[in-house]
Amino acid sequence: MPRARRRLLATLPAAPLLALVVLFCSAGSVAARGISTAETRASGSDMAIGFDVSYPQCGGRLPSNGDFAIVGVNGGRVYSPNPCLGAGDDPSQLAWAGRDAILYANTGNPGPELSRYWPLGQTFPRVCSADDPDTADCAYDYGWNAAADSYANAVAAYVSLGWADAEATRTPVANHWWLDVETANSWRDDATLNAAALQGAVDFLESMEVASVGFYSAPHMWQEITGGTDAFADHPSWVAGASTLRQALAVCRGSALTGGPVLMAQFFSRGFDANVVC
């Protein structure tokens, strides 16, 4: 799910990002993928269009004929697994998306008074003193830990499908990841603390040598949560908010969330969240 929930890909240098664009753009015509005739008139050329799903699609039908697939690993918030991710689920969303699925994880920063997962006394990767728990370093650790939990959900799903060994600590492929930044999740009023939590999440995923990390959000949400920080200008944006393919293509020509490139724009198509590569 995003729709104002989903996400990811980041720049490592240009090569991984270019490889991702090439992956997306190895597609056939949009008409063959169930996008309406009216929508295809928005562009005279072929384009790569895929779909994203997560826990709201549990037990329901999943879209078909996309050029790529994105799956949420959380159940709408951090420290909650998507119950339909792995084997035994009906349908398994990771099995639907395939071994090379693009993945996205929810993010948040509830602060020490609201979260039972707050990293009090943690000393790595940063020190979060129990005597002073409401700091940027504590927020960073929270984001790092939350991303680690989301990543573990993905590994467990791969193991359940027999795509990774039972002892695996990493996914068998270097997936592209998006971080979902939405006001529906818990955030602090201080945007600098929120940005610190997001930095922790980015740094954890990059420590696992994922293919890339980027950000999914809508412009007003990004502004409210992060204060419009340019700290993530090296990472691409997946922008929500469009209702049609034509609108999504206009989003592609607009401003990025992070200051980096707009790589994808999300829109509605026949009851699903569709995404066009910009």
Side-chain angles (χ1 to χ4, degrees), residues 1-3 5-9 16 19-20 22-28 30 32-35 48-106 146-180 205 208-214 216 238 264 266-277:
M1 107 188 167
R3 173 141 289 275
R5 338 179 202 343
R6 302 68 149 141
R7 30 244 133 131
L8 1 198
L9 313 177
L20 180 59
V22 170
L23 168 67
F24 283 161
C25 293
S26 61
V30 292
R33 299 193 294 275
I35 308 299
I49 292 179
F51 297 94
D52 66 84
V53 302
S54 190
Y55 73 93
Q57 287 74 44
C58 282
R61 68 187 182 93
L62 297 176
S64 59
N65 299 324
D67 296 316
F68 56 93
I70 308 171
V71 180
V73 300
N74 301 112
R77 63 186 187 279
V78 297
Y79 293 107
S80 68
N82 175 357
C84 298
L85 190 60
D89 302 322
D90 188 21
S92 165
Q93 293 180 355
L94 183 57
W96 162 80
R99 194 170 178 272
D100 296 323
I102 300 164
L103 303 174
Y104 78 85
N106 289 104
D149 183 76
S150 296
Y151 187 85
N153 291 341
V155 172
Y158 274 95
V159 170
S160 74
L161 290 166
W163 293 348
D165 295 336
E167 301 79 16
T169 58
R170 298 194 181 199
T171 57
V173 294
N175 307 80
H176 296 281
W177 281 79
W178 292 98
L179 293 171
D180 184 349
L205 290 172
M208 302 308 289
E209 299 180 336
V210 302
S212 65
V213 184
Y216 167 92
W238 172 11
M264 288 198 301
Q266 188 184 61
F267 65 101
F268 287 124
S269 180
R270 299 192 175 188
F272 293 108
D273 286 333
N275 303 279
V276 62
V277 177

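In this text the structure is predicted, and so the values were computed from the model without any measurement.
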Inset, instruction - Quick one: closest heavy-atom pair of Ser212 and His176, and the distance? - result: OG-ND1, 2.7 Å
Legend entry - Residue among Leu94, Asn74, Leu161 satisfying side-chain contact (heavy atoms from CB on, under 4.5 Å) with Leu85: Leu94
Legend entry - Pairs satisfying salt bridge (charged side-chain N to carboxylate O under 4.0 Å, His left out), at least one member in residues 69-78, at least two apart: none
Legend entry - Inter-residue atom distance Asp180.CG - Asp52.CG, 0.5 Å rounding: 9.0 Å
Legend entry - Pair Tyr216-Gln266, side-chain donor/acceptor within less than 3.5 Å: yes
Inset, instruction - Tell me, with the steps shown, if Phe268 and Asp273 meet side-chain contact (heavy atoms from CB on, under 4.5 Å). - result: CA-CA 5 Å; Phe268 287 124; Asp273 286 333; 3.4 Å; yes
Legend entry - With Ala168 via side-chain contact (heavy atoms from CB on, under 4.5 Å) - residues at least two apart: Val155, Val159, Ala164
Legend entry - For Trp163, all residues meeting ring-ring contact (aromatic ring centres under 6.0 Å, His included), sequence neighbours excluded: Tyr158
Legend entry - 4.5 Å side-chain heavy-atom contact, Met264 and Val276: no
Inset, instruction - Kindly indicate, with the supporting measurements, whether the criterion side-chain contact (heavy atoms from CB on, under 4.5 Å) is fulfilled by Gln57 and Trp96. - result: CA-CA 12 Å; Gln57 287 74 44; Trp96 162 80; over 6 Å; no
Legend entry - Nearest atoms (heavy-atom pairs only) where Ala101 meets Asn175: O-ND2, 2.8 Å
Inset, instruction - Please test Val210 against Tyr151 for side-chain contact (heavy atoms from CB on, under 4.5 Å), starting from the C-alpha separation and ending with a verdict. - result: CA-CA 10 Å; Val210 302; Tyr151 187 85; 4.1 Å; yes
Inset, instruction - Mind checking side-chain contact (heavy atoms from CB on, under 4.5 Å) for Ala154 and listing every partner two or more places apart, or none if nothing turns up? - result: Val73, Leu103, Thr171, Trp177
Inset, instruction - Return the set of residues passing side-chain contact (heavy atoms from CB on, under 4.5 Å) with Pro81 (not counting sequence neighbours), or none when no residue passes. - result: Asn153
Inset, instruction - Write out all pairs satisfying salt bridge (charged side-chain N to carboxylate O under 4.0 Å, His left out) with one or both partners inside residues 156-168, taking only residues at least two apart or from two chains. - result: none
Legend entry - Exercise: identify the closest heavy-atom pair between Pro63 and Phe272: CD-CE2, 3.4 Å
Legend entry - Tyr55 and Cys84, any side-chain heavy atoms less than 4.5 Å apart: no
Inset, instruction - Find the distance between CH2 (Trp238) and CG (Asn275) and round it off to the nearest 0.5 Å. - result: 5.0 Å
Legend entry - Ser160 (side chain) donor-acceptor with Gly86 (main chain) under 3.5 angstrom: no
Inset, instruction - Of all the heavy-atom pairs spanning Asn82 and Gly72, show the shortest one and how long it is. - result: ND2-O, 2.9 Å
Legend entry - Least distance between heavy atoms, Met208 atom then Arg170 atom: O-NH1, 3.3 Å
